[in-house]
Number of protein chains: 6
Amino acid sequence: LKPTIVRNISRADAGVIEQLGALGVATVHEAQGRSGLLRPYMRPIYPTARLAGSAITISCQAGDNLMIHAAIEICRPGDVLVVTTTSESTDGMFGELLAVSARAHGVVGLLIDAGVRDVADLTTMAFPVWAKAIHAQGTVKATAGSVNVPVVCAGAAIAPGDVVIADVDGVVVVPKAKAADVAKAGADRLAKEEKSRARLKSGELGLDFYGLRAKLAELGVQYIDEGQN
Amino acid sequence: LKPTIVRNISRADAGVIEQLGALGVATVHEAQGRSGLLRPYMRPIYPTARLAGSAITISCQAGDNLMIHAAIEICRPGDVLVVTTTSESTDGMFGELLAVSARAHGVVGLLIDAGVRDVADLTTMAFPVWAKAIHAQGTVKATAGSVNVPVVCAGAAIAPGDVVIADVDGVVVVPKAKAADVAKAGADRLAKEEKSRARLKSGELGLDFYGLRAKLAELGVQYIDEGQN
Amino acid sequence: LKPTIVRNISRADAGVIEQLGALGVATVHEAQGRSGLLRPYMRPIYPTARLAGSAITISCQAGDNLMIHAAIEICRPGDVLVVTTTSESTDGMFGELLAVSARAHGVVGLLIDAGVRDVADLTTMAFPVWAKAIHAQGTVKATAGSVNVPVVCAGAAIAPGDVVIADVDGVVVVPKAKAADVAKAGADRLAKEEKSRARLKSGELGLDFYGLRAKLAELGVQYIDEGQN
Amino acid sequence: LKPTIVRNISRADAGVIEQLGALGVATVHEAQGRSGLLRPYMRPIYPTARLAGSAITISCQAGDNLMIHAAIEICRPGDVLVVTTTSESTDGMFGELLAVSARAHGVVGLLIDAGVRDVADLTTMAFPVWAKAIHAQGTVKATAGSVNVPVVCAGAAIAPGDVVIADVDGVVVVPKAKAADVAKAGADRLAKEEKSRARLKSGELGLDFYGLRAKLAELGVQYIDEGQN
Amino acid sequence: LKPTIVRNISRADAGVIEQLGALGVATVHEAQGRSGLLRPYMRPIYPTARLAGSAITISCQAGDNLMIHAAIEICRPGDVLVVTTTSESTDGMFGELLAVSARAHGVVGLLIDAGVRDVADLTTMAFPVWAKAIHAQGTVKATAGSVNVPVVCAGAAIAPGDVVIADVDGVVVVPKAKAADVAKAGADRLAKEEKSRARLKSGELGLDFYGLRAKLAELGVQYIDEGQN
Amino acid sequence: LKPTIVRNISRADAGVIEQLGALGVATVHEAQGRSGLLRPYMRPIYPTARLAGSAITISCQAGDNLMIHAAIEICRPGDVLVVTTTSESTDGMFGELLAVSARAHGVVGLLIDAGVRDVADLTTMAFPVWAKAIHAQGTVKATAGSVNVPVVCAGAAIAPGDVVIADVDGVVVVPKAKAADVAKAGADRLAKEEKSRARLKSGELGLDFYGLRAKLAELGVQYIDEGQN
């Protein structure tokens, strides 16, 4: 129960992280059995933002960014700051100066279940952020928290070192131990979708393609004409 | 009460639909007596999205897109998918593959009182979507629903074949039977606004222009100077 | 308690207003002791919108824009319309025609704790607006209200003539009487941040830079290694 | 499109309305194929409130209760006021004086997709109300609306004369023409539930009772012991 | 801008405060020209709660109740704690121990634009509270704030010493200087309503009573029969 | 990733669970370092509801209660059903019949991050439920899920067998392994509060009692008189 900073954590393989990032959020989410999504209120600050990396988890008092400063020291290239607060907040706990500092230590982006500010500067820097709110509200540095402990961020459980992938569709987390399997399943899914796309584009119906006509009949769906009843 | 798909529906005149689309949402809404708007949470996935077409209404179980597949079969060029769920949901019930399939059958866009995913791909395709949420959450195909029955979508009653118009200001529905009258009223309104614009631009006040000074007096509004009271 | 229009109000110095606008919302908010922000739901209609000016405050009945017309008459170049409603509303009380009229009288932008419409036209005009909603819903002109009385807008108290500054980070208000002091404090803060940026960019940690290591120790934060507990 | 008051409407059979009220909201909703519910934000002002009656539909400008006064004149004993606004509002459009007036004309309760006030008095009077908000905010009488036209109330389409049933579980609407059939289906459902209750109370599992074990197997659900994987 | 505690403030006359409390929230709100209400999310923790007193305003950091402790020292019998936070929060900043302490210094209740806890104990004590949330989340005592400065609480501007009245309909604030006038206007209003009640109870219509038939005609509202159009 | 039911799980000591229940939510939350609370939207269906027990975790498709039926089979006396959905939902997934069945298998209550119905019956049965919504919306039994896997419920991570405590202040979870320590720390806290209560009741100030005067001075808080500045 004591506030704690875990200095060194294990991470997933860098190549696997890259593959997951290339698959994108929707495909990764499906590939791991429709799980791991954060709530849809987590939105990117600019629409082309994309990110994949290892989670450095940070639990802060609402309105207090002390532990973000503490976390940057233990980041390595490819890490992503994953910030949560012990109660709900929209304060702008992260801005351009912290982004400059984080980038100097290899951090590739931020997921924050709270607010962010200096959005124009962060966009110019191409520093990708997914946040609950854009809010200029400043914060204090007065209360203890923890770094690299398991957290719940925007409705999803995230452990330190888990892989986080984010794009315009939202954010998904993949447990470190399953990262390679999910990357493989995602690649298979993409290949399959490529074939589906061609058939659907040619006008073949999903009803036939996915064999759904029998399902409709089994569920008792009736076909009628307008005016008939 | 049985789940039902109505295959063939009547639609408004294509020329009238085009006129309504050219007028835009705000003008059409005013032209039909300030009615027909969907709730403002329906937002386009890209700011230049515009659409006008005939509603193919779809009522789905939350988190289940089976009936969207069923609906595509009965779409004709110029139709718009209007998706509702029997209880509130933000799931991403529609993505790029469905858009490819829908477009192959002439569908010009989607209104969904739930979520959408593959937003980057849909934007690249220029497939316009208005949705409550962007969310990668995938769906099942397990429960019956209906196609081309009257629905309530984002607070507005929509019947199959009604005209739906959408742009960055939101979404409005025009009952099929009133479409021609509304298009005419909207054109008149635009012509009138053109004259107003010129006078307001020259500095003439709305107070004088719309005759509001008498209204202010009638309502007992007083004019004072700062400090006076 | 009588509805009132205050015709002539005092304003802050134009040079000071310009300085505050150049500082931006986050810096001004910090410079006046982390106060004066409006709620984060006030969002610009296009991301590059920026604004600084003198508040013309307007209190309207929800769904009624009569008093906006009355306010335009008493605006001077550099003024900003600050619209509130006596109960919560998302109606589109302001659109392109009002913007044309307001601009003809020198108004530089709009803050509205309600809705706005004709967003495509307003963006083309580069008329900056911060609003709670984009909504085509039209309004009536039937009920009295007041102009240039103290209001609460999106959670912040604003008096007529106060300086309002807005950008992509949100909106902040500076009381007229404190404007010069806040501008000075903001400039000092920017200068200080410039130095911090250089040191953080070089990899120096905020922990060291802001002297936070002692704080962590005082708060009982412990450092451990993964697996240890 | 002209504002309209429809004086005389047909209603469902009084005996059927009474039966539907006795069944309660959850049973009626199931009996008509899981449809007709209003959004769950519609809450009773006291927990024992119950109601069943014929809908007198009222469409008002937000913050304006003129049309509620107009509606009372055409109410008959057993009617329920169903109030909607043309845009979202939480204003207290209805209070104790209106309840006194409505009751004098036979009205048995109120459904309002907006606010209500004088809640202590209404509770003492045992005048049942389901509302979106409790709010003292007063209203004006300045803008036209309609009475006994089709409306959307809290997400459900309601026509004049439809049967509305409400209790602590919420509110459901039954189309006038289907009222007798739904009452019959509901009674059958209750009888069936009575038998189910006895068996479930004795410890028989729903898994066996509803034949769900096969479903679990078909869906690939596996049983394991803790620690196993 | 320095955090400040204003020790001694002036208050309204105790007799006037009592009269305002007896009038209730809805009547007071109307009597001062439909102004002064807090947002409807401020709800009492038990339905019979009622309160009228002088505001001791408190501005806290979110999640930090240090300043509530500081405020109790300067309270006098009849005072009400009015707690706001510098950014939105639902933390339970106030519980039973603070209520015991506050009551020992004459405090008659609490308005808090945040959370409250120990609700069962507070109810047993009959200590009335209006809050945004019930939440057990505990707080720290680490950051400065102010006592008896002007605040915005749940959307309303409140100055120290203003009269706050609360009941099941919500909360209203009356500026200290207007308290006597508002109490007088409220009493007049009640007397008038008493007469209206009798006439409405006898079946006289508000349409006739308030002279609204002419208004309906002026607004172009038409009367028709069902089926006619 | 396969849907899974874990039949047998370990639970905390029954005596410890009872102690935690007696302490109540606020005290338990503080005793474990201000952690473990669920979001404040989880509200009891009647104000005197109280509960403490072992979590049987259930992950369902939104709008589908198949897995609740599956879970009841593996419950033991003293267990609490903890229901989550894979995407947000307010559907009434649990009602009186399920409560009868659950109680027959020893279940003492329900926490559901979705909706509940038959609230009048559940209250009569004194079956305690904390839910996000009261909603009559019925559900299907069509999609697989899991029982006794780790879940996130209303923002808190809950593992099977963890102790859940709920009362009018909300819901808190205590990890099984820490239950005894937290119960001990909570008892110590209560004893300490008993002493504080007596001193505060006598009028001693928290400022003195908790030694906060020095803190105020250190933070630069100034005391002034009204009018002074």
Side-chain angles (χ1 to χ4, degrees), chain A residues 24-44 47-50 165-172 192-213 215-229, chain B residues 2-10 45-47 61 63 65-75 90-92 95-106 115-123 131-149 160-161:
Chain A
V25 170
T27 297
V28 168
H29 155 71
E30 290 283 351
Q32 70 176 338
R34 287 195 199 114
S35 66
L37 281 181
L38 277 66
R39 291 279 184 245
Y41 62 70
M42 294 292 282
R43 300 298 304 144
T48 57
R50 288 185 72 99
I165 302 101
D167 59 27
V168 70
D169 283 343
V171 185
V172 67
K192 198 172 145 198
E193 282 188 359
E194 188 53 47
K195 291 178 194 162
S196 307
R197 186 173 295 108
R199 291 172 65 180
L200 293 168
K201 200 165 189 172
S202 74
E204 189 173 344
L205 285 165
L207 275 192
D208 299 310
F209 189 73
Y210 301 114
L212 299 173
R213 290 196 193 276
K215 187 77 187 177
L216 290 175
E218 174 201 333
L219 293 169
V221 178
Q222 64 179 348
Y223 281 86
I224 64 172
D225 290 328
E226 194 177 33
Q228 179 189 350
N229 209 355
Chain B
K2 211 175 162 185
T4 301
I5 298 171
V6 180
R7 266 175 302 222
N8 51 349
I9 60 163
S10 54
I45 57 168
Y46 51 93
Q61 167 86 354
N65 67 3
L66 173 61
M67 302 312 293
I68 304 181
H69 285 282
I72 289 176
E73 184 176 26
I74 59 173
C75 286
T90 55
D91 289 355
E96 178 253 354
L97 283 184
L98 265 169
V100 165
S101 177
R103 179 169 277 179
H105 289 264
V116 63
R117 65 181 187 181
D118 300 335
V119 162
D121 292 328
L122 294 171
T123 302
K132 182 160 68 177
I134 295 172
H135 196 20
Q137 179 72 40
T139 45
V140 297
K141 299 174 190 8
T143 299
S146 292
V147 176
N148 281 336
V149 297

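Not measured: the values here are computed from a predicted model. Chain letters run A, B, ... following the sequence lines, proteins first, then strands; residues in each count from 1.
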*Asks:* For B/Ile134 and A/Val168, work out which heavy atoms get closest and say how close.
*Replies:* CG2-O, 3.5 Å
*Asks:* Could you tell me which portion of A/Glu30 (side chain, backbone, both or neither) has an atom closer than 4.5 angstrom to a non-hydrogen atom of chain B?
*Replies:* side chain
*Asks:* Could you tell me which portion of B/Thr139 (side chain, backbone, both or neither) has an atom closer than 4.5 angstrom to a non-hydrogen atom of chain A?
*Replies:* backbone
*Asks:* Chain A heavy atoms under 4.5 Å from B/Thr123: which part of the residue, side chain, backbone, both or neither?
*Replies:* neither
*Asks:* Nearest 0.5 Å please: distance from the OG atom of B/Ser101 over to the CZ atom of A/Arg199.
*Replies:* 11.5 Å
*Asks:* Looking at chain B, which one of A/Arg197, A/Met42, A/Arg39 has the largest number of heavy-atom pairs inside 4.5 Å, strictly under?
*Replies:* A/Arg197
*Asks:* Is the shortest heavy-atom distance from the side chain of A/Arg213 to the side chain of B/Glu73 under 4.5 Å?
*Replies:* yes
*Asks:* Check B/Leu97 against A/Ser196 and note the closest heavy-atom contact, atom names and distance.
*Replies:* CD1-CB, 4.3 Å
*Asks:* Locate the shortest heavy-atom distance separating A/Arg34 from B/Gln137; write the atom from each residue and the value.
*Replies:* O-NE2, 4.3 Å
*Asks:* Answer yes or no: is there a side-chain heavy-atom contact under 4.5 Å between A/Leu216 and B/Leu66?
*Replies:* yes
*Asks:* Using modelled atom types and a 3.5 Å cut-off, is there a donor and acceptor pairing between side-chain atoms of A/Asp169 and backbone atoms of B/Val119?
*Replies:* yes
*Asks:* So which atom in B/Ala104 and which in A/Leu200 form the shortest heavy-atom distance, rounded to 0.1 Å?
*Replies:* CB-O, 3.5 Å
*Asks:* Please name the pair of heavy atoms, one in B/Ala136 and one in A/Val25, separated by the smallest distance, quoted to 0.1 Å.
*Replies:* CB-CG1, 3.8 Å
*Asks:* To the nearest 0.5 Å, what is the distance between OG1 on A/Thr27 and CG on B/Asp118?
*Replies:* 7.0 Å
*Asks:* Shortest non-hydrogen contact from B/Val6 to A/Asp225?
*Replies:* CG1-C, 3.8 Å
*Asks:* Is it true that a side-chain atom of B/His105 and a backbone atom of A/Gly203 form a donor plus acceptor pair closer than 3.5 Å?
*Replies:* yes
*Asks:* Rounded at 0.5 Å granularity, tell me how far OG1 in B/Thr4 sits from CD in A/Gln222.
*Replies:* 3.5 Å
*Asks:* With respect to chain A, which residue among B/Ala142, B/Gly95, B/Gly145, B/Gly161 yields the maximal number of heavy-atom pairs within a distance under 4.5 Å?
*Replies:* B/Ala142
*Asks:* Pick one of side chain, backbone, both or neither for A/Tyr210, based on which atoms fall under 4.5 Å of a heavy atom in chain B.
*Replies:* side chain
*Asks:* Non-hydrogen atoms of chain B under 4.5 Å away: do they reach the side chain of A/Lys201, the backbone, both or neither?
*Replies:* both
